[in-house]
Novice: 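Below: one structure in structure tokens.
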Amino acid sequence: MSSKLKIYNTLTRTKELFEPIDPGNVRMYVCGPTVYDFAHIGNARPLIVFDVLYRLLRHLYGEAHVKYVRNITDVDDKINARAAERGISIRELTEETNKVFQADVRALGCLEPDVQPRATEHIAQMIAIIERLIASGHAYAADGHVLFDVPSMPAYGKLSRRSLEDMRAGARVDVAPYKHGDMDFVLWKPSASHEPGWESPWGFGRPGWHIECSAMSWKHLGETFDIHGGGIDLVFPHHENEIAQSCCAFDRDVMANYWMHNGFLQVEGEKMSKSLGNFVTIHDLLHTNKFGGRKWPGEVLRLAMLRTHYRQPIDWTVKALEEAEANLLAWHDHADFDSITESNEVPATIVNALYEDLNTAETISWIHSLNKTGQMSALKSALRFLGLLNSEVFSRATIQFDPLHDVTQDNRNKIDGWIEARLAARAEKNWAESDRIRDELAAMGVVLKDNKDGTTTWEIRRENTR
RNA sequence: GGCCUCGUGGCGGAGUGGCUACGCAGAGGACUGCAAAUCCUUGUACUCCGGUUCGAAUCCGGACGAGGCCUCCA
């Protein structure tokens, strides 16, 4: 099988043909959430992007031959701080946050990774890596801390393309006294008795920020693997440091062959930040009226995300969500997917577009084309493949019942009664009565559509409710 | 200051050294008692200045502009 998939590799800054180490066991690691707070919409981007890649790899190599690992970081100083602030235990906080995270990701139509390892369950691997680094002269213990000795690794900076000189020039002035070099970073640090910690050769303590990914990828994917993904902000220092830890611990030239990074997200043209008040969580979008004055189905969020190529910056706007929803509604209006048999093959146009470094924008234009030419079973297959057809979440039922309005069966029956009365009036050419009924329903937000076959259907008004 | 990305029509957003992306909005038409929905048709583009080329929006250089990282934020 010759590979057709091309992906942009941050290591080389070029689009490369993807060649797995072992086609029988294709391995991908993506940096997952630190579970101290609800995931925001920026976090959703890598979740969706790498879910599409996972689906494509499974399509290309077979479901049994792809292993996708996305970690859960459940030890972190932000977690400690938040738990203390809320007066709950760390375990309570991380469990609660993870539960919401899992529900969010499911609503976004993402497949579950093969493994979702937790940092706290890999302390032994972290300690093992740190011991190896000390033994090989790449790390040193000082004052209860263990630090990675950056100058001991000549190739350091390869991913982010920074030279040690550049970094020194921009380094902060205050360097912790236990550091040998100002670029050295923490592998292990001491914990006070009230802080979470584990016994280690260097005393009671906890891991530094980067070591957990080296440990978890090692355990679940091996010393080297194929793809490592995450947000572009992780290139430095997180991924650079992961590479340093793993390559030096295992005496390897590479940790992962392909490094993929998704671009950043802005909200209505501005950087998302809590101080600007435009901080949007996935949970808010799905379940509250905080963004655009209404709730949004997961498929709408997913399609809005996939409209833009994953490496481009994306502006998260109400208008974009409305357009995405209009597209989905058009497809669903055109066909009742519940009764359409899905074609066995994912359309080649869709797959070929994804082979070009996940050109999801092009796949969407092909979906429009399938819709326009009436290839409904292929359309269904394409939507399913892209994770845009989760009947539980976005079906004809949810289209007709706007998430904002709870339409009871009782009201539904009443609307049907009105429609019958209006059809009767129309049969008598009583246009005044007919229009009166239509206007009254419209005032309640119910829009009527007289179809070409003489039937009348209705839906909740689609216009933006702001 | 250092490093990195990007600059396409009213808006969003792909792609390509020479031929319509696509979507939303707009315009015209069909259908309809009138609407809505649907269908058909349709216009507008490649930040600026140089260079390479038969030909560049697409390659190279420069300018201007936007964003990101270098401060545990995807």
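Hydrogens, waters and symmetry mates play no part in the numbers below; they use all other heavy atoms, side chains included. Chain A is the first sequence line, chain B the second, and so forth, proteins listed ahead of strands; every chain is numbered from 1.
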Novice: Base, sugar-phosphate or nothing for Leu47(A)? Non-hydrogen atoms, less than 4.0 Å.
Specialist: nothing

Novice: Please measure how far the C1' atom in rA27(B) lies from the corresponding atom in rC19(B), and state the result in whole Å.
Specialist: 26 Å

Novice: Between atom CH2 in Trp209(A) and atom C1' in rU71(B), what is the gap in whole Å?
Specialist: 11 Å

Novice: Round to the nearest Å and state the distance from His238(A) atom NE2 to rC72(B) atom C1'.
Specialist: 9 Å

Novice: Polar-atom pairs under 3.5 Å, protein N or O versus N or O of nucleotides 27-33 of chain B: list them with distances, or write none.
Specialist:
residue	atom	partner	partner atom	Å
rG33(B)	O6	Arg426(A)	NE	3.4
rG33(B)	O6	Ser434(A)	OG	3.1
rG33(B)	N1	Asp435(A)	OD1	3.0
rG33(B)	N2	Asp435(A)	OD2	2.7

Novice: Can you find a side-chain donor-acceptor pair between Asn327(A) and Glu323(A) that sits under 3.5 Å?
Specialist: no

Novice: Describe the nucleic acid contact of Gly263(A) in one word from base, sugar-phosphate, nothing, applying a heavy-atom distance below 4.0 Å.
Specialist: base

Novice: Sort me out a list of protein N/O and nucleotides 9-13 of chain B N/O pairs below 3.5 Å, or just none if empty.
Specialist:
residue	atom	partner	partner atom	Å
rC11(B)	O2'	Lys319(A)	NZ	3.2
rG12(B)	O2'	Arg307(A)	NH2	2.3

Novice: Side chains of Asn80(A) and Tyr36(A) only: does a donor on one sit below 3.5 Å from an acceptor on the other?
Specialist: no

Novice: Find the distance Asn371(A):CG to rA37(B):C1' and express it as a whole number of Å.
Specialist: 14 Å

Novice: Does atom CD (Gln102(A)) have a neighbourhood of more than 12 heavy atoms from anything else shown, all under 6.0 Å?
Specialist: yes

Novice: Given 3.5 Å as the limit, does a donor-acceptor pair link the side chain of Arg45(A) with the main chain of Phe264(A), or not?
Specialist: yes

Novice: Using the C1' atom in both, what is the distance from rC34(B) to rU16(B), to the nearest Å?
Specialist: 48 Å

Novice: When the distance from CH2 of Trp366(A) to P of rC22(B) is rounded to whole Å, what number comes out?
Specialist: 10 Å

Novice: Quick check against the 3.5 Å criterion: does Lys179(A) have a side-chain atom that pairs as donor or acceptor with the backbone of Asp184(A)?
Specialist: yes

Novice: Is the number of heavy atoms from other residues, nucleotides or ligands under 6.0 Å of Glu112(A) CD greater than 12?
Specialist: no

Novice: rC69(B), OP1 or OP2 - any side-chain N/O from Lys271(A) closer than 4.0 Å?
Specialist: yes

Novice: Take atom P in rG67(B) and the same atom in rC54(B), then report the distance between them in whole Å.
Specialist: 40 Å

Novice: Are Arg82(A) and Glu85(A) ion-paired here, with the side-chain N under 4.0 Å from a carboxylate O?
Specialist: yes

Novice: In whole angstroms, how far is the P atom of rG15(B) from the NZ atom of Lys6(A)?
Specialist: 11 Å

Novice: Tell me: CG of Leu265(A) to C1' of rA66(B), nearest whole Å?
Specialist: 16 Å

Novice: Using atom P of each nucleotide, how far apart are rU5(B) and rC11(B) to the nearest Å?
Specialist: 27 Å

Novice: Between the side chains of Asp51(A) and Tyr68(A), does any donor sit under 3.5 Å from an acceptor?
Specialist: no

Novice: In sequence, state the C-alpha distance, the side-chain angles, and the governing distance for Asp226(A) and Phe18(A), and then conclude on side chain to side chain contact (heavy atoms under 4.5 Å, CB included).
Specialist: CA-CA 9 Å; Asp226(A) 298 300; Phe18(A) 176 68; 4.0 Å; yes

Novice: Once salt bridge (Lys or Arg N to Asp or Glu O under 4.0 Å) is applied, do any residues pair with Lys99(A), and if so which ones, sequence neighbours excluded?
Specialist: none

Novice: Do the charged groups of Arg86(A) and Asp37(A) touch, with an N to O distance under 4.0 Å?
Specialist: no

Novice: If a pair satisfies ring pair (Phe, Tyr, Trp, His ring centres under 6.0 Å) and one of its residues is in residues 366-389 of chain A, list it, with sequence neighbours excluded.
Specialist: His59(A)-Phe385(A), Trp331(A)-His368(A)

Novice: Tell me whether the NZ or CZ atom of Arg294(A) lies within the 45° cone about the ring axis of Trp296(A) and under 6.0 Å from its centre.
Specialist: yes

Novice: Tell me whether Arg70(A) forms a cation-pi arrangement with Phe50(A), defined as NZ or CZ under 6.0 Å from the six-membered ring centre and within 45 degrees of its axis.
Specialist: no

Novice: Using the P atom as the reference point in each nucleotide, state the distance between rG13(B) and rG68(B) in Å, no decimals.
Specialist: 16 Å

Novice: On RNA chain B, nearest-nucleotide positions of Gln266(A) versus Arg13(A): which is more 5'?
Specialist: Arg13(A)

Novice: Nearest whole angstrom, please: distance from the C1' of rG15(B) to the NE2 of His368(A).
Specialist: 16 Å

Novice: Contact class for Gly230(A) (heavy atom, under 4.0 Å): base, sugar-phosphate, or nothing?
Specialist: sugar-phosphate

Novice: Distance between the C1' atoms of rU58(B) and rC46(B), in whole angstroms?
Specialist: 9 Å

Novice: Which comes earlier along RNA chain B counting from the 5' end, the contact point of Thr34(A) or that of Glu356(A), where each point is its nearest nucleotide?
Specialist: Glu356(A)

Novice: Give a yes/no verdict on base stacking between rG67(B) and Phe264(A): centres under 5.5 Å, planes within less than 30° of parallel.
Specialist: no

Novice: Are there runs of at least three consecutive Watson-Crick or G-U pairs touching RNA chain B, with each pair's two distances under 3.5 angstrom? Give them by first number.
Specialist: B:1-7 with B:64-70, B:10-12 with B:22-24, B:26-30 with B:38-42, B:47-51 with B:59-63

Novice: C1' atom, rG26(B) versus rU44(B): distance in rounded Å?
Specialist: 11 Å

Novice: What's the gap between rU42(B) and rA74(B) when it is taken at their C1' atoms, as a whole Å value?
Specialist: 42 Å

Novice: Take Glu299(A) and Arg302(A) through the test salt bridge (Lys or Arg N to Asp or Glu O under 4.0 Å) and record every step on the way to the result.
Specialist: CA-CA 5 Å; Glu299(A) 281 83 349; Arg302(A) 187 175 174 100; over 6 Å; no

Novice: Using nucleotides 41-43 of chain B, report all nitrogen or oxygen pairs with the protein that are shorter than 3.5 Å.
Specialist:
none

Novice: Rounded to the nearest Å, what distance is computed from the OH atom of residue Tyr8(A) to the P atom of nucleotide rC4(B)?
Specialist: 10 Å

Novice: Is there side-chain contact between Asn241(A) and Phe148(A), with at least one heavy-atom pair below 4.5 Å?
Specialist: no

